[in-house]
Amino acid sequence: MESTLYFLIVIGFLAGLMDAAVGGGGLLQIPGLFNVLPPQTPVATVLGVGKVASFSGTLTATWQYVRKIPVPWKMLLPAAVLAFAASYLGAQSVAYFPTEYMKPVMLAIMLAMFVYTFFKKDLGQMARTAALTRRETLWGLFFGALIGFYDGIFGPGTGSLLAFVFVRFYGYDFLTANAAGKVINTTTNFAALTFFVPHGHVVWAWAVPLALANLCGGILGARLAIRGGTVFLRYGFMLLLCVIIGKFAWDLWQG
């Protein structure tokens, strides 16, 4: 039990740091939990414990970002509400949705995102100053709902999708995009908790230390990202895409 606690703290801290800095903390945290927690632990409980930690770390990182980075609240708040509802609907739809088709689709999307970011050197390097148009705000609501549903039903790469949308379609720099994405990601994590907690899928003896470690990692990760700026985030984003692409490709190869 003591060794499990130590491993949970290490996993939570590293996942929180990674997620706050460039995203993708779940790629480290979820496999880590499956390896550390007892083999008889139900899958829903593993995911529930992980979501408590993810929410804690993402909420902390979001607070760090929005204190220093201006974000488009007028679009983000209604988009976050839609993302919340869509994420909950996605979690409820897991049993009816063919998620095995998600990995090849996401592999293709992530490859396209990587190629586009690699060749467009100035992508996400310039800060946007113009206000959002009505059309852009409506698209924001659409993207919030779509990515929220994906996060509820599948999940990996949600932060990368959000960051890319804000950079590519709104012209924000990577720092602002990361901050904006964290706002929506916080609500989708909370939506998942509204399902996992009432249904008894959280073991608090595991979730609390994991969440505290994730929170500490989130503080450090957000500070590193803010200090490193857009260049740091561009390279971090591309590295994260490589990790996600590799994981999806490996899973498909093994399957």
Side-chain angles (χ1 to χ4, degrees), residues 1-21 23-64 80 83-97 99-100 102-103 148-159 182-222 243-244 247 251:
M1 181 63 185
E2 188 175 341
S3 61
T4 298
L5 181 62
Y6 290 146
F7 278 118
L8 286 176
I9 291 173
V10 172
I11 290 168
F13 180 81
L14 292 177
L17 189 153
M18 176 179 172
D19 196 66
L27 295 172
L28 173 63
Q29 185 164 271
I30 295 302
L33 290 179
F34 274 111
N35 284 312
V36 168
L37 298 181
Q40 68 272 20
T41 305
V43 172
T45 301
V46 175
L47 296 178
V49 169
K51 276 300 180 185
V52 172
S54 296
F55 174 71
S56 173
T58 306
L59 180 64
T60 303
T62 301
W63 175 246
Q64 293 285 316
F84 177 96
S87 180
Y88 188 86
L89 179 63
Q92 297 279 51
S93 305
V94 170
Y96 311 101
F97 201 88
T99 55
E100 66 269 17
M102 281 287 191
K103 286 181 180 177
F149 183 79
Y150 167 76
D151 191 38
I153 203 168
F154 192 55
T158 298
K182 286 289 179 288
V183 173
I184 293 181
N185 211 176
T186 298
T187 63
T188 59
N189 283 336
F190 183 65
L193 286 182
T194 62
F195 174 78
F196 286 122
V197 173
H199 288 81
H201 294 311
V202 176
V203 178
W204 294 104
W206 297 336
V208 171
L210 184 70
L212 290 174
N214 201 292
L215 184 152
C216 294
I219 293 174
L220 180 58
V243 172
I244 297 173
K247 184 181 186 306
D251 289 347

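Numbering starts at 1 and runs along the sequence shown.
- Looking at K182 and L59, their side chains never come closer than 4.5 Å, going by heavy atoms from C-beta outward.
- Expressed to the nearest 0.5 Å, how far CD1 of I219 lies from CG of L17 amounts to 11.0 Å.
- Remark: T60 OG1 to D19 CG distance equals 11.0 Å, nearest 0.5 Å.
- Here the shortest heavy-atom pairing between F196 and G48 reads CG-CA, 3.8 Å.
- Between W206 and L5, the closest side-chain pair of non-hydrogen atoms is not below 4.5 Å.
- Contact of the L33 side chain with the L8 side chain is registered, since non-hydrogen atoms from C-beta on lie closer than 4.5 Å.
- Of the N and O atoms on the side chains of Q29 and N214, at least one donor lies less than 3.5 Å from an acceptor on the other residue.
- Residue A20 comes nearest to A222 through the heavy atom pair CB-N, 3.6 Å, listed as atom of the first residue, atom of the second, then distance.
- When all heavy atoms of A191 and F84 are compared, the closest pair comes out as CB-O, 3.3 Å.
- At distances below 3.5 Å, not a single donor-acceptor pair connects side-chain atoms of S56 with backbone N or O atoms of V52.
- Taking 4.5 Å as the limit, every side-chain heavy atom of F7 sits out of range of all side-chain heavy atoms of L210.
- A distance of 6.0 Å separates CG of N189 from CG of D151, quoted to the nearest 0.5 Å.
- In terms of modelled atom types and a separation under 3.5 Å, the side chain of K51 and the main chain of V202 share no donor-acceptor contact.
- Side-chain N or O atoms of T58 include none that pairs as donor or acceptor with a backbone N or O of F55 at under 3.5 Å.
- Here the shortest heavy-atom pairing between P198 and L193 reads CD-O, 3.5 Å.
- Put simply, the side chain of H199 gets close to the backbone of F195: a donor and an acceptor are under 3.5 Å apart.
- Side-chain contact check for L212 versus P209: every heavy-atom pair is 4.5 Å or farther apart.
- Between I184 and A83, the shortest heavy-atom distance links the atoms CG2-CB, 3.6 Å.
- In plain terms, the two heavy atoms of G50 and I30 that are nearest each other are CA-CD1, 4.5 Å.
- For the side-chain contact (heavy atoms from CB on, under 4.5 Å) test with F190, the passing option among T194, T187, T188, T186 is T194; the others fail.
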